[in-house]
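Just so it is clear, the structure is predicted and the values come from calculations on it, not from any experiment.
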Amino acid sequence: MKYFASLLLLLMTPMVWLSAAQAANTDVFIKKNEFGAQEVLAVSESGTESRLGQLEVLPKGTRLYHWEKASDSQIKKWNSEGKISSERLRKLKDGRGFAGGGYYVSQSPLDSNNYGNTLVVVELPKDILLLRVSSGSELTSWPGVIPGLEAKGISGISVLHSPTWINMIDIEALSKIHVGTEQDLLTVKLDKYERPWNYKKLFEVFPNLESNPNFKTSNDKMNEIMKQLKKPSDSARLAVEEIAESGSMNLVTEVLKKAALQNISDNAIHNVAQRGLYESFRDVIEKMDSDVDRSYFAIGEGFKSNSIYINSIVSNKLTAMDQKLGQKTDVSKRTAMLQSAMEYWGKNLPPLLEYHIAVYKQYSRQWLPHPLCRTVFE
């Protein structure tokens, strides 16, 4: 069918357009939404408005963690100075990162320890404003936005795919640091899932923590979950749901790759799509190859995501499924899936969803009326 070629040619157009629109200089605005939460918006010179996320407050005394490779002299210097220097932060802000340039920390002492063997503890000397980014902000040109965030008194930007990670851009918020020891971690509460690899790495640096009841219990629980993933069970399915809802993309991806298809519930697929975890979602889509019905469900959830990357993944998958199935395509199920996504968005359809619908409607027997209409007219 000719429309498959058309889909492939136009597939990436919306992503290119968005990237170009958001690369321009932007102004930052804060406004309350209908629920009373403070939302952060970026408006480009062309007038394109992007929702970046919501503001939250991290209170004074909150401890954040940063891992990197460091020499003995650097460790001694950091401890003696007790802060991040303005010069170092300036250089870091000239660089790149998932949420722009800056000094990256985590609310977890484990989930970034692949970056080095030295732990730096940052204790907030004041309450700070954190921009908690939302799905759909992946294409934000952070170098153009960060000056506006600083002008609004925002100190940090969360990382979409790892919700515990924060890019700190406020030098005052980095004025109370020290190199961490085992003692710093004895009272840490581990209330989130972590990758087994992160525990292993932590115990290499701080071996006594392996027998600490808090760390041992958490590590044992995670190892047990990883063992259960390949065999269908209620406990494994519930664990996958919880991890998909709040885990980092690295952890979610690792879990989904190992999990039996039966352990990946509809709720888990929905959470991954809504959070914009595009690498994890790509694995979900590939796992559905053996089940057409689950594939259509996952594609529908992908089209309901704010993430342009996930929209692109499911758009490619839908085109590939049509090509593979040919005359065996279940038009009824495919149409119902797309109609559900249409109802979800109302008048504001994502470009790739809108394009697929328009193409199917052009061809005979490729689009069916809504089920309610069929009930009336049949």
Ion pair check, [X] and [Y], cut-off under 4.0 Å:
X      : Y      : answer
Lys333 : Asp293 : yes
Glu39  : Arg51  : yes
Asp72  : Lys76  : no

Please report the C-alpha distance between Gln107 and Leu58 in whole Å, then the side-chain angles of each, then the deciding distance to 0.1 Å, and finally whether the side chain to side chain contact (heavy atoms under 4.5 Å, CB included) criterion is met.
CA-CA 10 Å; Gln107 293 172 290; Leu58 292 185; 3.7 Å; yes
State, to 0.1 Å, how close [X] and [Y] come at their nearest heavy-atom pair, and which atoms those are.
X      : Y      : value
Pro109 : Val188 : CG-CG1, 3.9 Å
Pro232 : Asn263 : CA-OD1, 3.3 Å
Leu349 : Met342 : CD2-CA, 3.8 Å

Separation of Asn113 CG from Asn198 CG (nearest 0.5 Å)
4.5 Å
Calculate, to the nearest 0.5 Å, the distance between atoms OG and CG belonging to Ser332 and Leu368 respectively.
5.5 Å
Is there a path of hydrophobic side-chain contacts, each under 4.5 Å between heavy atoms, that joins Val122 and Leu131?
no
Tell me, please, whether Tyr296 has Arg334 positioned over its six-membered ring: NZ or CZ under 6.0 Å from the ring centre and within 45 degrees of its axis?
no
Would you tabulate the side-chain donor-acceptor contacts of residues 145-156 under 3.5 Å, counting partners in other chains and residues two or more places apart, or write 'none'?
| residue | atom | partner | partner atom | Å |
| --- | --- | --- | --- | --- |
| Glu150 | OE2 | Lys93 | NZ | 2.5 |
| Ser155 | OG | Asp170 | OD2 | 2.8 |

Residues Val252, Val255; criterion side chain to side chain contact (heavy atoms under 4.5 Å, CB included); working and verdict:
CA-CA 5 Å; Val252 175; Val255 165; 5.9 Å; no
What pairs meet the ring pair (Phe, Tyr, Trp, His ring centres under 6.0 Å) rule with one or both residues in residues 148-169, with sequence neighbours excluded?
Phe98-His161, His161-Trp165
What pairs of residues pass the side-chain hydrogen bond (donor to acceptor under 3.5 Å, both in side chains) test when at least one of them lies in residues 244-256, not counting sequence neighbours?
Thr253-Ser280
Test item: side-chain donor near acceptor, Asn219 and Lys200, under 3.5 Å:
no
For side chain to side chain donor-acceptor pair (under 3.5 Å), just list the numbers for Glu354 and His356, CA-CA rounded to whole Å, side-chain angles, deciding distance to a tenth of an Å, and then say yes or no.
CA-CA 6 Å; Glu354 186 174 26; His356 274 280; over 6 Å; no
